[in-house]
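Below is one structure, written out as structure tokens, with a few remarks after it.
Below, all heavy atoms of this structure are taken into account, side chains as well, without hydrogens, waters or symmetry copies. Numbered from 1 within each chain, the chains take letters A, B, ... in sequence-line order.
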Protein chains: 2
Amino acid sequence: MEPTPRHIAAYFALMEAGALLQQLVEKQLRDEGNLSYIQFRVLAQLAEAPDQSVRMTDLADGVVYSRSGLTYQADRLEQNGLIVRTPSPDDERSVTVTITEAGREALAHVLPGHIDLVARELFGPLSEEDVTAMADVLTRVRDNLRNAPRRRAPRRRPAAGGDDGRPSR
Amino acid sequence: MEPTPRHIAAYFALMEAGALLQQLVEKQLRDEGNLSYIQFRVLAQLAEAPDQSVRMTDLADGVVYSRSGLTYQADRLEQNGLIVRTPSPDDERSVTVTITEAGREALAHVLPGHIDLVARELFGPLSEEDVTAMADVLTRVRDNLRNAPRRRAPRRRPAAGGDDGRPSR
DNA sequence: AGTATGCGCTTCGAATTCGAAGCACTTTCC
DNA sequence: GGAAAGTGCTTCGAATTCGAAGCGCATACT
């Protein structure tokens, strides 16, 4: 399939719109609540979780983020008293993250401004139909992207008969 | 305007789709051409410029990036011989960036895989109508976002009769 | 049971990011 | 014409980012 100019326009518009919006959002959260966008997403995810708790891995998957990056941000959030980390009861390896009262307050504090900002900057120029179309198309795109990255080739057959070129560790 | 669940879905879908796609693209460019996404955008912008040259500031605006960040990436690109920086002829302050032959080759080298990736991962699940709708809506959003951040209040009337409180530099 | 493999999280190091500050040149305004 | 304000870029420092490596627990296979 040959890409048309419209395809290219759609591609760049998506990337740029996402980047621009993230910059605005990041600034609002920083100014009003001293939170990064990732931290905001983490808190939001915890707040709507059944028992205010989620495992680290599920958090990372939820916010599209590297595991080490999440560890770093979780350190920040815990230092600031917005979350608590405890070993998971059922699986000794995993860590359960729970939002604290202070965390809920921090979230509640930035939320109104956040909603205002998004309503103004993102949805401002859009009609209801536009919003519907955008949600529809982008949801499909996102779900597709969430599955596609399965390029983590399982590396089957760990060189049963010879060196596969991978350096020893 | 009260945000509906559909608004929220659209907002997160935009942010996540952008982030996921960027990760895939970043990886492809890194693997196949040792380029970051920003570097790719810079080269692409230079390649389509009238005389293969653009000023630093215009580049930064074009790719949605901080000036200092662009300086850093321009250093990398220049070290690798993909661009050249020369003082601008008309304005002694500004720097004109020009893509080199090696730069064009690097771009040509990653482009086919790039187009494949985007066609597959982004446009794969979309119909022609979807692409049109997405381009239409997101272009408007992006253009709106490009202008909106004008919270740099123009600070009109530079205190014709007294100190406006702004610290001297 | 016992070893091999896999999973969940953190630590580590190196690269990248941004804003603030600095520098040099340009334009504006008396 | 000269100070004041603005513009374009780089430098600087501090924070953030990610992948690779490390560690301990869990699961599979025999």
Exercise. Of all the nucleotides listed (D:dT11, D:dC18, C:dC9), which has the minimum atom distance to the side chain of B:T71?
Worked result: D:dT11

For this session: Determine: side-chain N/O of B:Q73 to OP1/OP2 of C:dA15, distance under 4.0 Å, yes or no.
Result: no

Exercise. More 5' along DNA chain D: A:D90 or A:I38, using each one's nearest nucleotide?
Worked result: A:I38

Problem set entry | Distance-only donor-acceptor check, side chains B:T86 and B:T96, under 3.5 Å | no

Exercise. Would you say the side chain of B:V97 lies within less than 4.5 Å of the side chain of B:R55, judging by non-hydrogen atoms?
Worked result: no

Exercise. Which part of the nucleic acid, if any, lies within contact of A:S94, taking any heavy atom under 4.0 Å across all strands shown: a base, the sugar-phosphate backbone alone, or nothing?
Worked result: sugar-phosphate

Seminar exercise, completed: Between CG of A:L20 and C1' of C:dC18 the distance, given in whole Å, is 16 Å

Exercise. Mapping A:Y72 and A:D91 to their closest nucleotides on DNA chain D, which lands nearer the 5' end?
Worked result: A:Y72

Seminar exercise, completed: Here the distance between atom P of C:dC18 and atom CG of A:L29, to the nearest Å, is 17 Å

Exercise. C:dC9 C1' sits how many Å from A:M56 CE, rounded?
Worked result: 7 Å

Problem set entry | Length of the CG-P vector between B:D75 and C:dA15, whole Å | 14 Å

For this session: Would you kindly give the CZ-to-P distance between B:R55 and C:dC25, to the nearest whole Å?
Result: 17 Å

Exercise. Rounded to the Å, how far apart are B:R76 CZ and C:dA15 P?
Worked result: 9 Å

For this session: Quickly work out the B:Y65 OH to C:dT17 P distance and round it to whole Å.
Result: 3 Å

Exercise. Between A:E92 (CD) and C:dG6 (P), how many Å, whole number?
Worked result: 23 Å

For this session: Classify the side chain of B:R93 and the base of D:dT7 as holding, or not holding, a donor-acceptor pair under 3.5 Å.
Result: yes

Exercise. Does a side-chain heavy-atom distance below 4.5 Å link B:R120 with B:L117?
Worked result: yes

Exercise. Between B:S68 and B:R30, which is nearer to the 5' end of DNA chain C once each is assigned its nearest nucleotide?
Worked result: B:R30

Exercise. Will you find, in the side chains of A:D130 and A:S127, an N or O donor that is under 3.5 Å from an N or O acceptor?
Worked result: yes

Exercise. When you check the gap from the basic side-chain N to the acidic O, do A:K27 and A:E32 get nearer than 4.0 Å?
Worked result: no

Exercise. For C:dC9, does OP1 or OP2 lie under 4.0 Å from any side-chain N or O of A:R85?
Worked result: no

